[in-house]
Amino acid sequence: MSAFHLPRQFRLQSSSPEFAYAAAKNLLGQPSGRGFGEGFAQASGPSKPRYTHSSAASSAVNAAATNRSQPGKRRRTNSSAPFLKPQGQLRGILSSTDSIDPYFQGTYYVDDYRLRGVTAGQQIEVRLNSRQFDPYLQLVNGRTKQPILYGSDLGGTNTNARVVFTVQPQTQYLVRVSSDQRRQIGSYLVKSRVLKPIASDFNLFYGYGLVDAAAAVNQVAGQTLFKAAALADVPVLGGNQWGMDLVRAPEVWTQGFTGQGVTVAVLDEGIDLNHPDLSQNLWRNSGEIPGNGIDDDRNGFIDDVHGWNFIDQNSNLNDTEGHGTQVAGIIAAANDGIGITGVAHNAKIMPIKVIQGETPLAQFDANVAAGIDYAANNGAQVINISLGSSSSDPPLPKVEAALRRARQAGVVVVFSAGNDRQLLSALEPDRPALYASAGLGIAVGGVDHKRNFYIDSNPAGLKRLNYVVAPAVDVYSTTLGSSYDLLDS
C-alpha cells in the first residue's frame, strides 16, 4: 500500500493474510475425511482502519513523495556531512540557509549525516525529534544519493519520525533530516541505536518467516504428508501465480488439501458477488430464504443469505472499491482455468461488510467486533481481517473481546500487519493485528517475489508474537467488474 497523509481513523490493509491460511486450522480441508487437529499458529517462514484504499506503489522515491511535489531540479547537498554513530545522537537546526531536498520541488530544507561504524546485518533505528516542526526523516544511499526509506509522524504525534532497517553489505548510508511541510525550520535531535535481536528464530521484520503450506500441514497433521522427493515433482505455476509457488500451495493441492469443507469469513468492504471466479464459492446460509424479509433461521439477521452488512444493517454485500474483492480472490478464487486460482480454491467465502469510506474509530471497533461474532456464530472456521487502526491509536476493546470469543470457539483469525512502516514509523503491527501478541490470531507482513520485506509493511517488532510473512507485491487477483489485476498490498 502506498502511504497517504489522511486523518488517523482507520483504513484498509494488505492482502498478505490470505496466503497465511495454509498455516491455519483445517484451512486446506480434510481429504478422504481425515482431519488434522488444531491449527498451526506459527508457520515456518503483510494492511490500515480505513484511511484510503490501498494502491500498488512501492518505490522509496514515490513513497517519500507523500505530501510533496513531484521531483524537480536537483541541487547538491552537503558533501562533507558530519558523522552519526550507530549509538550516537546529534543536535541541529533546520534553517533557510540549509541545502534543499534534491528530489522535491519547493522549499524543504535538509541536513545530511553520514552513518558511520555500522556492520552488515545489524538492525538500526534512527529517530528524529523536534518540537518546532513536523519531522521528516529519510535514509539515503550514500553512493547513489537515492532515497531508501522515509519516516514520518511517529505515533501520530507530529513531533517524531523514525526509520528502521537492516544494514546491507558494502552500502554507505546518509541520514537526511527535513520537515514534513515546506519552509519549516527549527531545532531537532537525531538519535541512532542498534536493535538487539529478540531470538535466533524470530526476526524483527519477518517474525517467524515465510508461510510454507506444506510444512504447516505436516505440523498440523502430526506426520510427514509431504516428502521432499514428491514435492520436487510438483510443477511450478509461474507467471502471475508466483505467490502460490512461494508459499508452496500447489504442493498441498496435489494431496487433496484445497479448502473443501472450510468457510472463510472476509471482514472487509464487501465483495463483487457476481465475479465469475468468486460467485461459485460464496458461502450460502442454508437456513435463510432469500428476499422474503424474514429471519428464517432466527439468528438475528434478515435475509443474510451470503453474509451481513454491518454498515447499513442489511444483506447488501456489494463491494464498491475493490479491496474486499481482491482479498477474496486470493483466498478462494475458483480453480476453473480462468483468471486465478485461490490458495484454498474449494473453500467457501463468507463476506461480512464492516467498513465503508472513513469511519470513526468507535464505530470501526463495534462493526469489526460484530463481524467477528457473526462469523464465529455462523460456521466460519477462519476469519480474515485485512484492515486496522494504528497501534498508537486507542485500543479496540470490543474487537479484542470478540477475538477472545472466537478463539474459545476454535476459530482461527488472520490479520494483515499494516502498512505504516514509513507513514507512521511503525515498529509493530497495527491493531487488531497487534492482538496476535496475546495469542488471538496470526499477524502477517508482506514480501515480494524475491522474499524482500515489503517497504511499507509493519514489521514483527521487538517482542514475540504470532507473525509470519507472505506475498504482498504484484499479487494477481480478482477486481471489480469481473476483472483481474496485479496489485500491491
Side-chain angles (χ1 to χ4, degrees), residues 17-18 20-30 33-43 216-217 219-222 257 259-268 282-288 295 297-301 304-310 317 327-328 331-332 344 346-354 364-388 395-416 431-444 465-466 468:
E18 295 77 80
Y21 291 128
K25 175 184 177 182
N26 288 347
L27 172 64
L28 296 173
Q30 301 178 9
R34 293 180 294 120
F36 43 90
E38 292 300 313
F40 180 45
Q42 296 174 353
V217 173
Q219 177 83 9
V220 172
F257 294 94
Q260 62 274 19
V262 176
T263 298
V264 181
V266 178
L267 273 61
D268 214 286
L282 284 177
W283 170 75
R284 176 67 164 79
N285 183 353
S286 59
E288 199 70 24
D295 180 13
D297 61 355
R298 298 182 181 181
N299 69 348
F301 303 93
D304 59 323
V305 178
H306 295 300
W308 192 251
N309 179 339
F310 284 95
L317 296 165
V327 169
I331 295 171
N346 281 326
K348 296 300 181 184
I349 303 164
M350 178 191 290
I352 302 175
K353 192 166 186 173
V354 296
F364 174 77
D365 188 24
N367 290 350
V368 174
I372 293 169
D373 285 336
Y374 179 94
N377 292 337
N378 287 278
Q381 293 101 326
V382 180
I383 299 174
N384 178 86
I385 304 180
S386 289
L387 41 86
L396 302 171
K398 293 181 179 179
V399 169
E400 183 177 6
L403 290 172
R404 293 188 184 281
R405 291 190 291 271
R407 183 177 65 178
Q408 291 173 356
V411 178
V412 175
V413 184
V414 186
F415 319 94
S416 55
R431 289 189 182 90
L434 188 57
Y435 294 129
S437 61
L440 299 180
I442 306 170
V444 187
L465 74 164
N466 296 335
V468 293

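All values below come from the heavy atoms of this structure, side chains included, with hydrogens, waters and symmetry mates left out. This chain uses plain numbering: 1 for the first residue, then up along the sequence.
- With 3.5 Å as the limit, one finds no donor-acceptor pair spanning the side chains of N299 and N377.
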Side chain to side chain contact (heavy atoms under 4.5 Å, CB included) between S386 and V327, worked out
CA-CA 8 Å; S386 289; V327 169; 4.0 Å; yes
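- Y374 pairs by the side-chain hydrogen bond (donor to acceptor under 3.5 Å, both in side chains) definition with D304, not counting sequence neighbours.
- H306 places no side-chain N or O within donor-acceptor distance of the main-chain N or O of R284, the cut-off being under 3.5 Å.
- V354 is listed as a side-chain neighbour of L387, based on a closest heavy-atom distance under 4.5 Å.
- Listed for the Q260 side chain is no donor-acceptor partner under 3.5 Å among the backbone atoms of A344.
- With contacts defined as side-chain heavy-atom distances shorter than 4.5 Å, the pair N378/W283 qualifies.
- Taking E400 as the reference, R404 meet the side-chain hydrogen bond (donor to acceptor under 3.5 Å, both in side chains) condition, with sequence neighbours excluded.
- When the side chain to side chain contact (heavy atoms under 4.5 Å, CB included) test is applied to A380, the partners found at least two apart in sequence or on another chain are T263, A265, M350, A375.
- With hydrogens and angles disregarded, no donor-acceptor distance shorter than 3.5 Å links the side chain of N309 to the backbone of L317.
- Residues forming a side-chain hydrogen bond (donor to acceptor under 3.5 Å, both in side chains) with R405 (at least two apart in sequence, or on another chain): D373.
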Would you please test L267 and N384 for side chain to side chain contact (heavy atoms under 4.5 Å, CB included) and show each step?
CA-CA 6 Å; L267 273 61; N384 178 86; over 6 Å; no
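- Checked against side-chain hydrogen bond (donor to acceptor under 3.5 Å, both in side chains), D295 has no partners two or more places apart in sequence or in another chain.
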Would you sort out whether V413 and Y435 count as a side chain to side chain contact (heavy atoms under 4.5 Å, CB included), showing the intermediate values?
CA-CA 10 Å; V413 184; Y435 294 129; over 6 Å; no
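- The residue from V399, V414, I372, D268 that alone fulfils the side-chain contact (heavy atoms from CB on, under 4.5 Å) condition with I385 is I372.
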N285 and D297: side-chain hydrogen bond (donor to acceptor under 3.5 Å, both in side chains), yes or no, with the steps?
CA-CA 9 Å; N285 183 353; D297 61 355; 2.9 Å; yes
Run the ring-ring contact (aromatic ring centres under 6.0 Å, His included) check on F310 and F364 step by step: do they pass?
CA-CA 10 Å; F310 284 95; F364 174 77; over 10 Å; no
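- The two residues G439 and N466 have their closest heavy-atom pair at CA-ND2, 3.9 Å.
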Could you check I352 against V266 for side chain to side chain contact (heavy atoms under 4.5 Å, CB included), going step by step and ending with a plain yes or no?
CA-CA 6 Å; I352 302 175; V266 178; over 6 Å; no
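- Rounded to the nearest 0.5 Å, atoms CG (L465) and CG (L440) are 11.0 Å apart.
- Closest non-hydrogen pair, R431 versus L396, comes out as CB-CD1, 3.9 Å.
- Judged as a side chain to side chain contact (heavy atoms under 4.5 Å, CB included), and not counting sequence neighbours, the contacts of A376 are V411.
- When all heavy atoms of A443 and A436 are compared, the closest pair comes out as N-CB, 3.9 Å.
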